[in-house]
Amino acid sequence: MAEAERIIGTPDTPGAGPGPEQRDVRGTDGTDGMDDTDGAGRADTAADAGASAARPRRRRVAVLFAVAAFAYALDLVSKLLVVAKLEHHRPIEIVGDWLKFEAIRNAGAAFGFGEAFTVIFTVIAAAVIVVIARLAGKLYSLPWAIALGLLLGGALGNLTDRIFRSPGVFEGAVVDFIAPKHFAVFNLADSAIVCGGILIVLLSFRGLDPDGTVHKD
């Protein structure tokens with residue numbers, strides 16, 4: 001009997017050899033034999049989440065630059081036409097005396113204010129462009145993308161005049177041509193800046209931040 005037990009083995013007794021579930025799972029390379037797919041899966045999930053979070057920001061940034069490019073192109077083309085067709089000519093009446101197209105050169109800020117500070121306004125316009133470019137890195141709000149795009153396009157439009165038009169670099173006079181009755185003459189870049197500024201004020205009152213979060217004071 002003892003000889004039979006020695007040959008067959010006694011199951012489920014302390015000290016007996018390891019069962020199938022007790023086999024050493026250590027791999028031949030010295031590792032513990034655990035599957036590395038769990039760690040890789042977690043890494044992939046984190047990467048997918050990061051990519052998913054980045055896609056809305058990229059779309060908002062694309063909207064910002066698309067709006068800016070449209071506003072800038074519209075302003076640039078309108079000024080080229082005004083200089084070529086309207087400057088040194090009689091004003092064109094659009095709505096009687098209430099609205100005219102009249103070409104003037106403005107060395108000041110928007111709507112003709114501050115003509116003695118042309119260089120300062122040029123620096124401010126450049127600073128606005130830099131600030132908007134930095135905000136683009138955390139932009140997740142579509143309304144903010146539109147507002148900043150209008151500001152950027154308008155600032156670029158007037159800055160182009162400041163740099164390339166007479167009397168000199170950073171002192172150039174901006175081309176204005178929209179002349180409502182009893183109001184200052186302005187251009188499309190000024191309009192884009194004002195519209196963008198109004199939209200930003202409204203968004204701020206609503207508590208919407210550029211990153212898409214909403215806060216209530």
Side-chain angles (χ1 to χ4, degrees), residues 62-133 135 141-206 208:
V63 170
L64 186 158
F65 286 111
V67 171
F70 178 76
Y72 176 71
L74 202 61
D75 177 69
L76 183 62
V77 171
S78 67
K79 289 174 179 175
L80 291 174
L81 290 174
V82 166
V83 171
K85 304 295 185 180
L86 188 58
E87 200 167 35
H88 308 304
H89 291 77
R90 292 177 60 84
I92 299 175
E93 293 185 353
I94 305 301
V95 186
D97 291 337
W98 291 98
L99 179 62
K100 299 179 181 180
F101 284 170
E102 180 180 3
I104 68 168
R105 296 295 182 109
N106 171 26
F111 306 109
F113 299 114
E115 294 188 3
F117 303 99
T118 305
V119 176
I120 295 176
F121 292 133
T122 303
V123 173
I124 292 174
V128 168
I129 294 170
V130 172
V131 171
I132 293 173
L135 281 176
S141 167
L142 180 60
W144 269 95
I146 295 172
L148 293 177
L150 290 171
L151 281 180
L152 180 58
L156 284 171
N158 284 339
L159 184 61
T160 300
D161 284 357
R162 304 287 186 198
I163 294 175
F164 295 106
R165 295 195 186 276
S166 61
V169 178
F170 301 123
E171 296 181 351
V174 174
V175 175
D176 289 336
F177 63 94
I178 304 173
K181 189 176 182 179
H182 305 310
F183 196 73
V185 183
F186 59 96
N187 57 42
L188 294 181
D190 297 333
S191 301
I193 292 171
V194 170
C195 290
I198 292 173
L199 183 54
I200 287 175
V201 170
L202 294 176
L203 294 174
S204 299
F205 272 120
R206 293 188 59 186
L208 180 62

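Values reported hereafter were calculated over all heavy atoms of this structure, with side chains retained and with hydrogens, waters and symmetry mates removed.
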Engineer: Side-chain contact test, heavy atoms from C-beta onward, threshold under 4.5 Å: evaluate it for V194 versus F186 and give yes or no.
Structural biologist: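 A side-chain contact under 4.5 Å is absent here.
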Engineer: Work out which heavy atom in K79 is nearest to a heavy atom in D161; give both atom names and the distance.
Structural biologist: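 Closest approach of K79 to D161: NZ-OD2, 2.9 Å.
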Engineer: For residues F101 and I178, determine if any side-chain heavy atom of one lies less than 4.5 Å from a side-chain heavy atom of the other.
Structural biologist: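 Heavy-atom side-chain distance check passes, below 4.5 Å.
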Engineer: What is the minimum heavy-atom distance between D97 and K181, and which atoms define it?
Structural biologist: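 Looking at all heavy atoms of both residues, the shortest contact is O-CB, 3.3 Å.
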Engineer: Between D190 (side chain only) and N187 (backbone N and O only), is there a donor and an acceptor less than 3.5 Å apart?
Structural biologist: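 Yes: the side chain of D190 pairs with the backbone of N187.
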Engineer: Under 4.5 Å between any side-chain heavy atoms of V67 and L148, yes or no?
Structural biologist: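 No; the side chains remain at least 4.5 Å from each other.
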Engineer: Kindly determine whether V83 and R165 satisfy side-chain contact (heavy atoms from CB on, under 4.5 Å), including the steps that lead there.
Structural biologist: CA-CA 11 Å; V83 171; R165 295 195 186 276; 3.9 Å; yes
Engineer: Would you mind reporting whether V63 and L142 have side-chain heavy atoms less than 4.5 Å apart?
Structural biologist: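 The answer is yes; the side chains approach within 4.5 Å.
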Engineer: Compare all side-chain heavy atoms of K100 with those of I94 and state whether any distance is below 4.5 angstrom.
Structural biologist: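 Side chain of K100 against side chain of I94, heavy atoms only: no contact under 4.5 Å found.
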Engineer: State which residue, out of I129, I193, L135, fulfils the side chain to side chain contact (heavy atoms under 4.5 Å, CB included) condition with L152.
Structural biologist: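 Among I129, I193, L135, the one that satisfies the side chain to side chain contact (heavy atoms under 4.5 Å, CB included) with L152 is I129.
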Engineer: Is there side-chain contact between W144 and L208, with at least one heavy-atom pair below 4.5 Å?
Structural biologist: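 In short, these two side chains touch, coming nearer than 4.5 Å.
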Engineer: Please tell me if the side chains of L64 and I132 come closer than 4.5 Å, counting only heavy atoms from C-beta onward.
Structural biologist: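 Result yes, sub-4.5 Å side-chain heavy-atom pair found.
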Engineer: Just how far is it from atom CG of L188 to atom SG of C195, taken to the nearest 0.5 Å?
Structural biologist: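 Reported value, rounded in 0.5 Å steps: 10.0 Å.
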